[in-house]
Number of protein chains: 2
Amino acid sequence: MKNQIKRLATINRIQSTGLELFYQKGFYNTSLDDILKKLSLSKGAFYYHFQSKEEFFISIAQTLLFRKVYLDLIAPIEGKEDPLDTIIQCLDTNLETAENNFLDYGFILGNFITEFNGKNPEVMTYLQDILTVWEVNLVTILQKGKTDGYISRHVDSEALASFIISSYMGVRTLMVEKKNKRLRYKYIQQLRQYFKTMDSRATV
Amino acid sequence: MKNQIKRLATINRIQSTGLELFYQKGFYNTSLDDILKKLSLSKGAFYYHFQSKEEFFISIAQTLLFRKVYLDLIAPIEGKEDPLDTIIQCLDTNLETAENNFLDYGFILGNFITEFNGKNPEVMTYLQDILTVWEVNLVTILQKGKTDGYISRHVDSEALASFIISSYMGVRTLMVEKKNKRLRYKYIQQLRQYFKTMDSRATV
DNA sequence: AGGGTAACAAACTTAGAGGTCTGTTTACCA
DNA sequence: TGGTAAACAGACCTCTAAGTTTGTTACCCT
């Protein structure tokens with residue numbers, strides 16, 4: 001195996017396992033030994049590729065974390081026709097995945113924002129950046145929905161986007177308690193009802 | 001000072017400072033020395049009153065944390081006439097407080113739920129209990145609002161309560177980024193618009 | 001093919017965590 | 001007023017964390 005390729009492969013392996021454990025147990029509560037033990041790697045390997053634990057997390061945020069948020073929440077709604085319906089479908093799909101996943105620990109990006117807030121401003125900026133990409137994308141799609149005649153013109157796209165993000169982050173946090181089985185259904189039901197009032201084609 | 005009173009005073013001092021720092025920096029990221037240094041107390045004092053750091057947190061959850069959630073989010077809406085309007089007012093008041101507080105770290109209960117999820121099931125039950133009290137209270141008030149003619153009968157009280165909690169938890173997480181100045185306004189605006197569609201007295 | 005560098009292994013250092021233990025002070029009561 | 005137990009002080013222990021250093025293996029190039 002070419003060295004350059006092996007290098008990237010190792011980096012990716014460490015990052016993947018790192019993100020997995022950081023998501024499960026939190027950044028501060030996960031030790032490098034936890035990650036390296038799972039990979040049968042040594043401290044030497046880690047510090048050869050990364051400068052510090054913090055720089056390591058930032059590299060994860062910029063690659064794997066961003067990619068996950070993009071694939072899960074942004075890509076599925078890009079270029080679709082009916083924005084409101086598409087957004088509902090996308091959110092419901094994500095909630096379904098979380099619901100079926102026995103080991104779900106909430107909205108990964110939201111969890112990290114909560115964990116780093118007030119502790120590490122630098123890391124926070126990278127997390128906020130990802131959130132902003134999502135928000136901007138939502139606003140753009142909602143605006144397009146208005147010009148395309150899917151959404152009533154009186155709707156405030158930015159406010160709606162913020163509201164969607166807020167409610168989704170919150171419901172993902174609530175879903176960590178498995179007792180509340182019908183939470184996904186309740187949430188989607190309410191959101192759908194709310195969206196109905198914004199449909200310019202509706203007969204409300 | 002009577003010994004019994006002094007005992008309770010010390011316990012309360014440690015708990016108050018403990019909650020304050022746990023909220024700011026997280027439970028796992030706050031050391032007992034951090035708390036005790038701020039109070040000019042010793043390890044001996046702490047372990048005389050509490051068995052462990054975990055038991056200490058549970059005692060805080062059952063007293064101060066529960067009390068805060070109750071005073072902030074439950075008490076203000078109890079016994080009021082118009083539920084939807086009262087809820088909006090209550091949430092807006094809390095968001096205003098958070099907005100004006102230079103040192104705001106999100107919804108305290110939500111933060112702890114995020115932090116302990118998947119790490120400490122026992123602590124989680126106590127946190128969930130507090131959340132349940134809030135939820136039950138919301139449902140009760142919404143139900144009463146239906147019988148009193150304030151809320152349309154087709155409204156699903158439980159689903160709405162979950163939706164309110166979700167969105168509030170989410171928006172509090174989002175508000176940790178101070179850049180988004182108008183987030184509170186946006187959120188309240190959207191929520192008010194949503195509530196309007198449930199008002200049985202409305203002319204929608 | 002062999003020297004050189006990239007890629008790792010692993011022992012070590014240092015700092016800080018939770019928790020223990022023993023001694024000292026303070027307050028109450030007979 | 002002196003004895004006793006509650007309330008605390010603070011040194012200490014043990015473990016684990018991030019990070020360092022030195023030594024070893026694997027791969028590439030001439």
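Quick caveat, the model's predicted, so the values are computed rather than measured.
Between A/Phe116 and A/Phe57, the gap from one ring centroid to the other is short of 6.0 Å.
Judged as a side-chain contact (heavy atoms from CB on, under 4.5 Å), and not counting sequence neighbours, the contacts of B/Ser31 are B/Asp33, B/Asp34. By the side-chain contact (heavy atoms from CB on, under 4.5 Å) test, B/Leu71 pairs with B/Arg67, sequence neighbours left out. Here B/Val155 pairs with B/Ile151, B/Ser152, B/Leu160, B/Met198 under the side-chain contact (heavy atoms from CB on, under 4.5 Å) rule; sequence neighbours left out.
A straight line from NZ of A/Lys37 to C1' of C/dA9 spans 17 Å, rounded to a whole angstrom. Rounding to whole angstrom units, CZ of residue B/Phe46 and P of D/dA11 are separated by 19 Å. Across the protein-nucleic acid pair, A/Ile35 atom CD1 and D/dA17 atom P stand 11 Å apart, rounded to whole Å. Rounding to whole angstrom units, CG of residue A/Leu36 and P of C/dA9 are separated by 9 Å. A straight line from CZ of A/Phe50 to P of D/dA18 spans 14 Å, rounded to a whole angstrom. D/dA18 atom P lies 12 Å from atom CG of A/Leu21, rounded to whole Å.
Residue pairs meeting the side-chain hydrogen bond (donor to acceptor under 3.5 Å, both in side chains) criterion with at least one partner in residues 52-62 of chain B, sequence neighbours excluded, are B/Gln15-B/Ser59, B/Glu54-B/Asn120. Under the salt bridge (charged side-chain N to carboxylate O under 4.0 Å, His left out) criterion, the residue pairs touching residues 152-171 of chain B are A/Lys186-B/Glu158, with sequence neighbours excluded. Pairs engaging residues 100-117 of chain B under the salt bridge (charged side-chain N to carboxylate O under 4.0 Å, His left out) rule: B/Asp104-B/Arg172 [sequence neighbours left out]. Sorted by first then second residue, the salt bridge (charged side-chain N to carboxylate O under 4.0 Å, His left out) pairs that include residues 78-89 of chain A, not counting sequence neighbours, are A/Asp82-A/Arg201.
A sub-4.0 Å separation between OP1 or OP2 of D/dA6 and a side-chain N or O of B/Arg7 is absent. Here A/Thr10 does not reach the OP1 or OP2 of C/dA7: none of its side-chain N or O atoms lies under 4.0 Å away. Between A/His49 and C/dC8, a side-chain N or O to OP1/OP2 separation shorter than 4.0 Å is present.
Overall bending of the helix from C/dA1-D/dT30 to C/dA30-D/dT1, expressed as the angle between end axes built from five pairs apiece, is 0° (10° steps).
Using a distance-only test at 3.5 Å, with no hydrogens or angles considered, a donor-acceptor pair links the side chain of A/Tyr23 to the main chain of A/Gly106.
Of the two residues near DNA chain C, A/Ser40 and A/Tyr48, the one whose nearest nucleotide lies more 5' is A/Tyr48.
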What N/O pairs connect the protein and nucleotides 14-18 of chain C at under 3.5 Å? Give each pair on its own line.
from, atom 1, to, atom 2, distance (Å)
C/dA17, OP1, B/Ser31, OG, 3.2
C/dG18, OP1, B/Lys53, NZ, 2.7
C/dG18, OP2, B/Leu32, N, 2.8
C/dG18, N7, B/Lys43, NZ, 3.4

